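Note sheet for the following structure.
Worth saying up front: this structure is predicted, and the values here are computed from it rather than measured.
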Amino acid sequence: MISHMLYSRFMTKSRNPKLTTPHHQVAIIGGGTGGLALAHGLVRNGIDVAVYERDRTRSAGLYGYRVGISPDGSRALFGLLPADLYATFVATAARQTKSLSFLDEKLRVLLSVGEADGLKTGGDDPIESEKSVSRMTLRQVLLTGLEEVVQFEKTFSRYQVRPDNKVEAFFEDGTSVVADVLVGADGSNSRVRGQLLPCAQLSDTGIVGVTGKVALTDEVKSLLTPELWNGVALIFAARGYSLVSHTMEFKWNEHGPKKGIGRTEAELIKKWPGLLFDNTSDYFMWGFAGSKKRLPVDVMPMRGADLIELVLGLTPQWHPHLHRLFELADPSATFPLSVRTAAPVAPWPTGPVTLIGDSIHTMTPGRGVGANTALLDALLLHYQLVEACEGRVSAARRGRGL
């Protein structure tokens, strides 16, 4: 929550020569989707910002598969990113989803909705369209242009609000930084939230998942029904087990051109700085989920081949094509997920510390709006900070938080 009291500090943009630690107008803890997007918007408006990320390098943290970006998320990115970087974001998206289908474990179609049935995808509109993007590639796009802003291997420990109402953030390496505003963008296990709002807790839904990634080979393509190939598919089975799937087909690969965007990874990197880590190979992803009460073991410590074997053992009556898709999953890219959600909290007092994204409202993946909400948070906070910096905070909003 950012109050009008920050206005005078932003307007002066002064630096206290007595400070023995670095001083920024805004310090962001966490280099995820929301934190990096916010940093871009602030940099574009000349606001001194630094991002502190616990990963060791920009190549770390490259985990996860698809993330769906809605028109709301695209509008937020369009408002925060430089035009050329937004164009890169659009160009690196996979082909658009054509349908939303519901099936049973025998792959019998219960309901399938496409554009002809009113499913709105936005077509080729670069902003007002649904997009499927790689989490890895999106992270690299968002890191581009922030080389002097993001500091890696900085694990946040705690913060302290000083008598001058500035906030000092401390890190596990013994260093600290002073800022006018501290933004917690450090995810579901946010340490910033833990100190600011110790009453804010995450609720365990009792659901755990296993996610697998399968290279889109000719064999895999032969296993995919039109519903599995064309879009998002949700499978509902006995004992409360379920599966979500999506086919990610990108516009190029390492073997040659696809739809006119680059011929090799090297050419892509040369044209679009920042895409240093390729995740453009086509794949099929599946996410199995079930209640902890119905699972024979604790899933969270398991990894790789053991997880695949677990899913196979829980689905003996499922369609053979699904079994084969489980078997073909890359063990190194198969991981468990405990589904949690944030409990609502009341508005908290205005101050120099705030939270965005999963650090304050972790959501289940069911509605696919977590990343989009983080981007909207970033856009709104960006507007508030720019207004404060430029002295455009209205009298009606003085002393109020976001």
Side-chain angles (χ1 to χ4, degrees), residues 19-44 47-65 67 77 80-82 85 88-89 92 133-160 167-195 265 268-269 272-279 332-333 335 353-359 371 374-375 377-378 381-382 385:
L19 290 175
T20 58
T21 54
H23 178 208
H24 300 282
Q25 288 176 286
V26 180
I28 299 172
I29 305 300
T33 301
L36 293 175
L38 172 61
H40 272 289
L42 298 180
V43 167
R44 289 182 65 195
I47 295 177
D48 182 18
V49 58
V51 177
Y52 296 91
E53 168 57 49
R54 66 183 178 183
D55 288 337
R56 294 185 61 189
T57 66
R58 67 176 292 162
S59 63
L62 296 181
Y63 51 84
Y65 309 147
V67 59
L77 282 171
L80 293 167
L81 300 183
L85 202 56
T88 300
F89 156 72
T92 52
V133 301
S134 159
R135 288 182 181 272
M136 301 180 192
T137 303
L138 177 59
R139 177 176 168 85
Q140 296 310 309
V141 169
L142 292 177
L143 282 166
T144 300
L146 298 181
E147 289 80 4
E148 302 301 319
V149 172
V150 180
Q151 296 188 34
F152 291 99
E153 211 169 357
K154 301 291 288 187
T155 300
F156 172 81
S157 176
R158 63 183 178 88
Y159 71 82
Q160 175 182 316
V167 59
E168 185 167 4
F170 298 88
F171 302 92
E172 289 187 357
D173 62 4
T175 63
S176 66
V177 62
V178 174
D180 297 317
V181 178
L182 180 71
V183 180
D186 47 341
S188 299
N189 297 316
S190 171
R191 289 186 174 181
V192 180
R193 182 190 69 238
Q195 184 175 348
E265 182 186 350
L268 286 171
I269 292 173
W272 295 328
L275 296 185
L276 304 180
F277 306 95
D278 174 61
N279 190 46
S332 68
F335 59 89
V353 182
T354 193
L355 302 160
I356 65 172
D358 284 351
S359 65
L375 291 172
D377 287 349
L381 183 55
H382 149 265
L385 293 173

Note, I356 side chain near L381 side chain (heavy atom, < 4.5 Å): yes
Measure the shortest side-chain to side-chain distance between L36 and V150 over non-hydrogen atoms and say whether it is less than 4.5 angstrom. yes
Do T92 and V133 make a side-chain contact, defined as non-hydrogen atoms from C-beta onward lying under 4.5 Å apart? no
Shortest non-hydrogen contact from R193 toward L355: N-CD2, 3.7 Å
Which heavy-atom pair separates D186 from S190 by the least distance, and what is that distance? OD1-OG, 2.6 Å
Nearest heavy-atom neighbours spanning I28 and A185: CG2-CB, 4.0 Å
Mark yes or no for whether E172, through its side chain, and S157, through its backbone, hold a donor-acceptor pair below 3.5 Å. no
How about L143 and F152: do any of their side-chain heavy atoms sit closer than 4.5 Å? yes
Is there a donor-acceptor pair under 3.5 Å between the side chain of Q195 and the backbone N or O of Y159? yes
With a 4.5 Å heavy-atom cut-off, do L142 and L77 have their side chains touching? yes
Rounded distance (nearest 0.5 Å) linking atom OG1 of T33 with atom CG of L38: 12.5 Å
Is there a donor-acceptor pair closer than 3.5 Å between any side-chain N or O of Q140 and the backbone N or O of L138? no
Rounded to the nearest 0.5 Å, the NE2 atom of H40 sits from the CG atom of L80 at a distance of 9.0 Å
Scanning both residues in full, the closest heavy-atom pair of G34 with A378 reads O-CB, 3.5 Å
Nearest 0.5 Å please: distance from the CZ atom of F170 over to the OG1 atom of T175. 10.0 Å
Shortest non-hydrogen pair, A39 vs V49, comes out as O-CG1, 4.1 Å
Verify side-chain contact (heavy atoms from CB on, under 4.5 Å) between I47 and H24, making sure each step is shown before the conclusion. CA-CA 9 Å; I47 295 177; H24 300 282; over 6 Å; no
When you measure from the side chain of R191 to the backbone N and O of G184, does any donor-acceptor pair fall under 3.5 Å? no
Answer yes or no for K154 and F171: cation-pi contact, defined as NZ/CZ to six-membered ring centre under 6.0 Å and angle to ring axis within 45°. yes
Test side-chain contact (heavy atoms from CB on, under 4.5 Å) on T88 and T144 and set out the steps. CA-CA 10 Å; T88 300; T144 300; over 6 Å; no
Closest heavy-atom contact between D377 and G357? OD2-N, 2.8 Å
When you look at L85 and V141, which way does the side-chain contact (heavy atoms from CB on, under 4.5 Å) test go after all the steps? CA-CA 7 Å; L85 202 56; V141 169; 3.9 Å; yes
